[in-house]
Amino acid sequence: MCWVPGFYTLPSIFLAHRPIILNEFQAYFYLLLGLTSIYVNYEADYQKLLARRNPNGKIWGKDIQILSMDYFEGGNKEKKNSLFCLSGWWGVSRHFHYLPELLGCLAWALPCGLDTSRLGLVETWLPYAYFIYLSCLLVHRVYRDEEKCELKYGTCYEEYKK
């Protein structure tokens, strides 16, 4: 129950005990990285929602492209359909939403610095524990999701990957 909240707070606890003075460039850069990550994450989610609600709409001024994939579910092999958005951020990468998630997480830890001369190696990397954990989790999830989708959608998913 306290695993993720414990990781979330490590950068704040680190800075509370070992304050670091950032120069203006660093402060604005970290803030901009964090806010941009949040914005892009929400925009990508909105684009997916928009594509499902209004497939005839536009994303980034272009017609929305959608790939419709059929699959069979349940013991009675009921035919179902999924829509995959190929426009906007979803046209950049299949698992694009993981990137702003990771960058936002990194922006939260970067103000802690990486000065191993001042602190021990473990203490220096501790604020980055959540970023490291999330990176491992999401990389594993990409491989797991790819395998799951290949089994579920078959040749349609191969077309989507192109």
Side-chain angles (χ1 to χ4, degrees), residues 1-15 28-112 114 122 125-162:
M1 201 58 147
C2 65
W3 178 258
V4 172
F7 271 140
Y8 266 141
T9 59
L10 285 175
S12 300
I13 292 169
F14 180 91
L15 289 172
Y28 284 120
F29 176 75
Y30 301 151
L31 178 65
L32 184 63
L33 178 62
L35 292 176
T36 302
S37 297
I38 292 167
Y39 171 76
V40 170
N41 197 14
Y42 279 102
E43 185 183 28
D45 286 342
Y46 176 73
Q47 288 175 351
K48 185 167 48 170
L49 180 69
L50 184 65
R52 288 183 178 164
R53 285 188 179 168
N54 183 14
N56 298 322
K58 294 189 181 295
I59 292 178
W60 292 349
K62 297 179 182 173
D63 290 338
I64 294 174
Q65 293 180 317
I66 290 179
L67 182 61
S68 178
M69 292 193 219
D70 293 329
Y71 65 98
F72 296 95
E73 182 177 83
N76 61 358
K77 297 293 182 188
E78 180 183 346
K79 186 176 181 179
K80 296 206 172 193
N81 184 271
S82 289
L83 301 177
F84 284 71
C85 182
L86 305 174
S87 299
W89 293 114
W90 300 99
V92 174
S93 169
R94 287 191 299 275
H95 301 282
F96 176 80
H97 56 296
Y98 294 159
L99 180 62
E101 187 84 26
L102 284 169
L103 289 176
C105 181
L106 184 61
W108 189 250
L110 280 173
C112 297
L114 283 170
V122 171
W125 284 96
L126 197 55
Y128 296 88
Y130 182 64
F131 173 74
I132 295 166
Y133 164 74
L134 188 62
S135 298
C136 294
L137 178 94
L138 294 180
V139 167
H140 175 263
R141 185 179 289 172
V142 165
Y143 287 108
R144 187 186 69 203
D145 288 351
E146 288 292 312
E147 188 177 290
K148 185 177 99 178
C149 287
E150 285 172 2
L151 289 171
K152 183 175 182 178
Y153 300 111
T155 55
C156 290
Y157 196 71
E158 291 299 320
E159 180 184 336
Y160 172 66
K161 287 176 17 177
K162 294 176 186 175

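- In this structure, CG in Asn56 is found 8.0 Å from CD1 in Ile66, a value given to the nearest 0.5 Å.
- The neighbour count for Arg53 CZ, taken as heavy atoms of other residues, nucleotides or ligands under 6.0 Å away, does not exceed 12.
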Please walk me through it: do Trp60 and Gln47 pass side-chain contact (heavy atoms from CB on, under 4.5 Å)?
CA-CA 10 Å; Trp60 292 349; Gln47 288 175 351; 3.1 Å; yes

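- Tyr42 has its side chain out of reach of Pro100: every pair of non-hydrogen atoms, C-beta onward, lies at least 4.5 Å apart.
- Using a 30° and 60° split on the angle between ring planes, Tyr157 and Tyr153 fall in the parallel class, below 30°.
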Quick one: do Trp89 and Glu43 satisfy side chain to side chain donor-acceptor pair (under 3.5 Å)? Show the steps, please.
CA-CA 8 Å; Trp89 293 114; Glu43 185 183 28; 2.8 Å; yes

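- Ring geometry for Tyr98 against His95 counts as parallel: the plane angle stays under 30°, on a 0 to 90° scale with 60° as the upper cut.
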Working note: Met69 + Lys152, criterion side-chain contact (heavy atoms from CB on, under 4.5 Å); need CA distance, chi angles, decisive distance, verdict.
CA-CA 10 Å; Met69 292 193 219; Lys152 183 175 182 178; over 6 Å; no

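- Side-chain contact between Leu99 and Ser93: absent, with no pair of heavy atoms (C-beta onward) separated by less than 4.5 Å.
- Dense packing is recorded around CH2 of Trp90, with more than 12 heavy atoms of other residues, nucleotides or ligands lying under 6.0 Å away.
- Look at Lys58 and Asp63 and you find a salt bridge, because one of the NZ, NE, NH1 or NH2 atoms lies within 4.0 Å of a carboxylate O, short of that distance.
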Test side-chain contact (heavy atoms from CB on, under 4.5 Å) on Leu106 and Tyr128; report intermediate values, then the result.
CA-CA 7 Å; Leu106 184 61; Tyr128 296 88; 4.2 Å; yes

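- Side-chain contact between Ile64 and Pro55 is absent, with no heavy atoms from C-beta onward closer than 4.5 Å.
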